[in-house]
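Data block below; observations after.
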Amino acid sequence: MTYIIQGETGDWEVVIGLEVHAQITSKSKLFSGSSTDFGAKPNTQVSLVDAAMPGMLPVLNEECVAQAVKTGLGLKAQINLHSVFARKNYFYADLPQSYQISQFEHPIVGEGTVVLDMPDGSTRNIGIERLHVEQDAGKSLHDQDPRRSFIDLNRSGVALMEIVSKPDMRSPEEAGIYVRKLRSILRYLDTCDGNMEQGSMRADVNVSVRKASTDDLNTRCEIKNVNSVRFVMQAIEVEAQRQIEVWESGGTVDQETRLFDPNKSETRSMRSKEFAHDYRYFPDPDLLPLRLTQDFVDGIAAGLPELPDEKKERYMSEFGLSAYDAGVLVVERETGAFYEAVVAGKRDAKKAANWVITNLFGALNARGLGIEDSMVSADQLGKLLDLIADGTINGRIAKDVFEVMVETSKDPGGIVEERGFKQVTDIGAIEAAIDEVIANSPDQVAQFRGGNEKIAGWFVGQVMKATQGKANPGMVNQLLKDKLSS
Amino acid sequence: MTDLTDLTIAAARDGLAGGDFSAVELAKAHNAAVASAKKLNAFVVTTPELALEAARASDERRAAGNTASAMDGIPIAIKDLFCTEGVQSTAGSHILEDFVPHYESTVSRKLKEAGAVMVGKANMDEFAMGSATITSYYGNTINPWKASDGENAGKDLVPGGSSGGSSASVAARIVLGATGTDTGGSIRQPASFTGIVGMKPTYGRCSRWGIVAFASSLDQAGPMARSVGDAAIMLGAMAGHDPKDSTSAQMDMPDFERGLGKGVKGMRVGIPREYTVDGMPEEITALWQKGADWLKNAGAEIVEVSLPHTKYALPTYYIVAPAEASSNLARYDGVRYGLRVEGETLDDMYMNTRAAGFGPEVQRRVLIGTYVLSAGYYDAYYVKAQKVRARIAQDFKSAFEDADVLLTPTAPSAAFPIGANEQDPVKMYLNDIFTVPASLAGLPGISVPAGLSSEGLPLGLQLIGRAFDEVTVFQAAEALEQAAGFTLPKFDLGEG
Amino acid sequence: MALDRETVQRIAFLARIRVDEERLDQIAGELDTIIDWVEQLSEVDTEGVEPMTSVADMLAPQRVDQVTDGDCRDKILANAPDAFDGFFTVPKVVE
Ligand SMILES: [Mg+2]
Ligand SMILES: [Zn+2]
């Protein structure tokens, strides 16, 4: 299932690497005590330090360090006990210091891996190159005034993790799955809320193309600040197309930063920012090198939650779920918890998985709801499974009961009672129904007796109909056989 | 009653304690001195009303029996590199001309809380980049000293720099003490040029929070005063750990006066033979030798030490300091404070603002710093300089195995006339050749007035100590001071 | 001369300092003198020497994650040459 683009000169493949900026979950900023809350009035969450007033100095937030280490461990990555904050120097309207405090030669986290769960149940390993901690910039508003841009520094100094992948992805789909998986891991770890609408996660996408099944390394372009999974995938598609056209028309792709325009569905060059950039990184003399102890790292490792990959493994081995079902259930920590509450250590795990994935997710998606606002509780769904298991209702009825549960959020037991969904298991009632069907269908009886065994199924259907589906299918089959063959 | 502007801080402290005069009288006398010495141009801003207000508060504290410290009621000048709440803080630059901070630097706040009375913001080289206080946007400061003899007799002389407003105002008895900052010699060299005491403490001893940054890995605040004892008293009020400065040392504060009066018997004084330059006047070498003899006669043991990389300190400094400055000064972009010169585009505005706001020397250093950090040159210049810096620091470590303190000249010359050395940057930079090494190593250094040049101008000797061993430095400096018996003349500052 | 007009133009733009054409040669000269002078460092053997970025031999101090600052917009904007409606402003930026 490799992603191939047919060009005039032959088949092309795309090489993708992602740099994801994830906002670290913390109360205060990376180097100052001002709040990180989203959506405050402009410049109300700005300290003298964030505004780069003369003589102001940064002091490192210990929580941000711990969060970065935690994330590194979650990415199965090398934690560097010695790391260095460096200044990345460039002038821009939303960058008060005119340098960003980041990490360059010595990031806090080194190489790691993210495992992608592909739709066919297979997995792909994507390499992590590094993770470093850095400051976010402020925000520019360009549409408020004819001749000026307005600057809001509330975001200025908020802590970010820049998570850089290796160029291991080969299709827009893989890139999309990668971003979702990364988001899932960060949310499990509580190190980033993964809220892309609010910009807590943004991706810089590096794209290059090459003739299929070659190892050519062609010039790549970086598409900056793509803020949704869908756009990441679209941006890669159109950028790959553009580059192929450039190469095939005899041109060359030049390395540059580009911007994705979802409306026009095209990428365009950002020469403005590109021109003569030379960041002049050097170690920030206001901050001393960051040294961590192995004990500190081990302490964080000891407190790590079960992560999606491990949970998936467990669901497959412990519950015998398929890779796909397990993969779907573990994407969000909350869905996994819900599912395990349904199983509650006693119920049929496979049936439970089916009900959660097919019926519950179906109902939630139809209403655009998340698991947290499910109208059916795990306990209620569990009780429904019990009613099926003990024969109170059959599978067909159960679906109707579930529909009512979704509408009313009532317990399945009560619904079955008041709506008379109870399964008919009283022989007399079933025999009466059968006798009536036999009486009204002489021809079919004759065919059956004439050796047409297949028609038995038709009788079952008739009897179920006569009992509004409430008859116990097992009993119907048995009694029908006896009566027809007598 | 004695002239209040003649007192040392110690004497003023005792006079205030003994009720001989009030803080208000002291403040009035110094406000008057400030007003009468305008021609020195030692101040960017004067704050006589604030001074009186602070003095009144000081007298009330004293009356109530809760005097804050030895500095309570003492009139001082604050170098204009320190941000002072509600008082214009310009760093000697046009780009910060109208800047009025809403915060107080940690060091000036500590002095305030200690009761010190600020009479004004002292003039300085723009962003502390200079050795003569001639690069200030607010005009150069004039040294109260005049050459009595030789080609420069009668000419206006520079007060040294960058803390030239501080050195001139202390020497001219306009204040009892002043804060300075020292990145490569900006406290010690002007002290030497004006016949006063200037101490650069160990890097990390005084908080850098609220001091306009020049070169973050070198900048250090310190006291300038008319006696070693006064410098020790004043440093006690300035120093201390500050959680707002990540490079501020988490060390308990010694009593800096502890070593005073103890003498130097048995102290090992190292003489680094490399501290000399071609063309250095013989009289400076002679004074240096005299200083060694004084300490020897006072019971110290003189030892020869070697600091082999001394000659590389200055070029190292002129890579490291401009590199850091080019980044530290990038925030002056016309957006949040200070000068703004409009332009069509954002870049036009930046370039217009910074071309108009920075003077030639600042522009020169920002460009040099940008160059040595730029792609392809970083390793050749910046990283190389940081390695040589490590060698220089190592030199001092080994030297301090054989010596407790080092004695050197403070500067290779006495004060020179305004206008001299201005055409040749490198020649100007050589002023700091003896002060820069200790700055690169982060070590405490003090300049003590030790004698006069043939022209009748003051010359200082420098003592360098181990990291965080200011106590020993003050102790040796006091011995030097007593032996030298240097006396600061009274200057005629009549309007002219 | 290692440090020529073009270099000065390039670094002057990086530093966002407008340098008029007619001053380029003079500045190039000054900077080149300084660079020639600092190049004597190449004589120093620094084989295996760790670059010294700070003299403070201590670890980076860290603060606890608490909101202790901000919420002082007036102070932040007080010195701004062209603040408007709670914002800083710059000449319009087109992206
Ligand atoms: Mg990046
Ligand atoms: Zn980044």
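Under the 3.5 Å distance criterion, with hydrogens and angles disregarded, a donor-acceptor pair is assigned to the side chains of S28(A) and R63(C).
Side-chain contact check for M53(A) versus N79(C): every heavy-atom pair is 4.5 Å or farther apart. Side-chain contact between R73(C) and K41(A) is present, with heavy atoms from C-beta onward closer than 4.5 Å.
Interface remark: of the candidates P283(A), G138(A), A51(A), S26(A), S26(A) forms the most heavy-atom pairs closer than 4.5 Å to chain C. When each of V64(C), I76(C), L59(C) is checked for heavy-atom pairs under 4.5 Å with chain A, I76(C) comes out on top. Among the candidates K92(C), M58(C), Q66(C), Q62(C), the residue making the largest number of heavy-atom pairs closer than 4.5 Å to chain A is K92(C).
Without hydrogens or angle criteria, S149(A) side chain to V93(C) main chain gives a donor-acceptor distance under 3.5 Å. Under a 3.5 Å cut-off, the side chain of D65(C) and the backbone N or O of N61(A) do not form any donor-acceptor pair.
Scanning all heavy atoms of the two residues, the minimum distance from A93(A) to V90(C) falls at CB-CG2, 3.8 Å. Residues F87(C) and N43(A) come closest through the heavy atom pair CA-ND2, 3.6 Å. Here the closest heavy-atom approach between residue P61(C) and residue L288(A) is recorded as CD-CD1, 4.4 Å.
Neither the backbone nor the side chain of D286(A) comes within less than 4.5 Å of any heavy atom of chain C. Both the backbone and the side chain of L48(A) have a heavy atom closer than 4.5 Å to some heavy atom of chain C. The part of S54(C) that comes within reach of chain A is its side chain, from C-beta onward, which places non-hydrogen atoms under 4.5 angstrom from that chain. Only the backbone of D145(A) comes within less than 4.5 Å of a heavy atom of chain C; no side-chain atom from C-beta onward does. Residue A83(C) does not touch chain A at all, counting heavy-atom pairs closer than 4.5 Å. Of the two parts of V65(A), only the side chain, counted from C-beta on, holds a non-hydrogen atom closer than 4.5 Å to a non-hydrogen atom of chain C.
Counted within 6.0 Å of CD on E43(C), heavy atoms from surrounding residues, nucleotides or ligands total more than 12; the atom is thus considered enclosed.
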Evaluate Q144(A) against D85(C) for side chain to side chain contact (heavy atoms under 4.5 Å, CB included), listing each step before the verdict. CA-CA 11 Å; Q144(A) 310 280 306; D85(C) 195 19; over 6 Å; no
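Interatomic distance, CZ of F150(A) versus CG of D82(C), reported as 8.0 Å (0.5 Å rounding).
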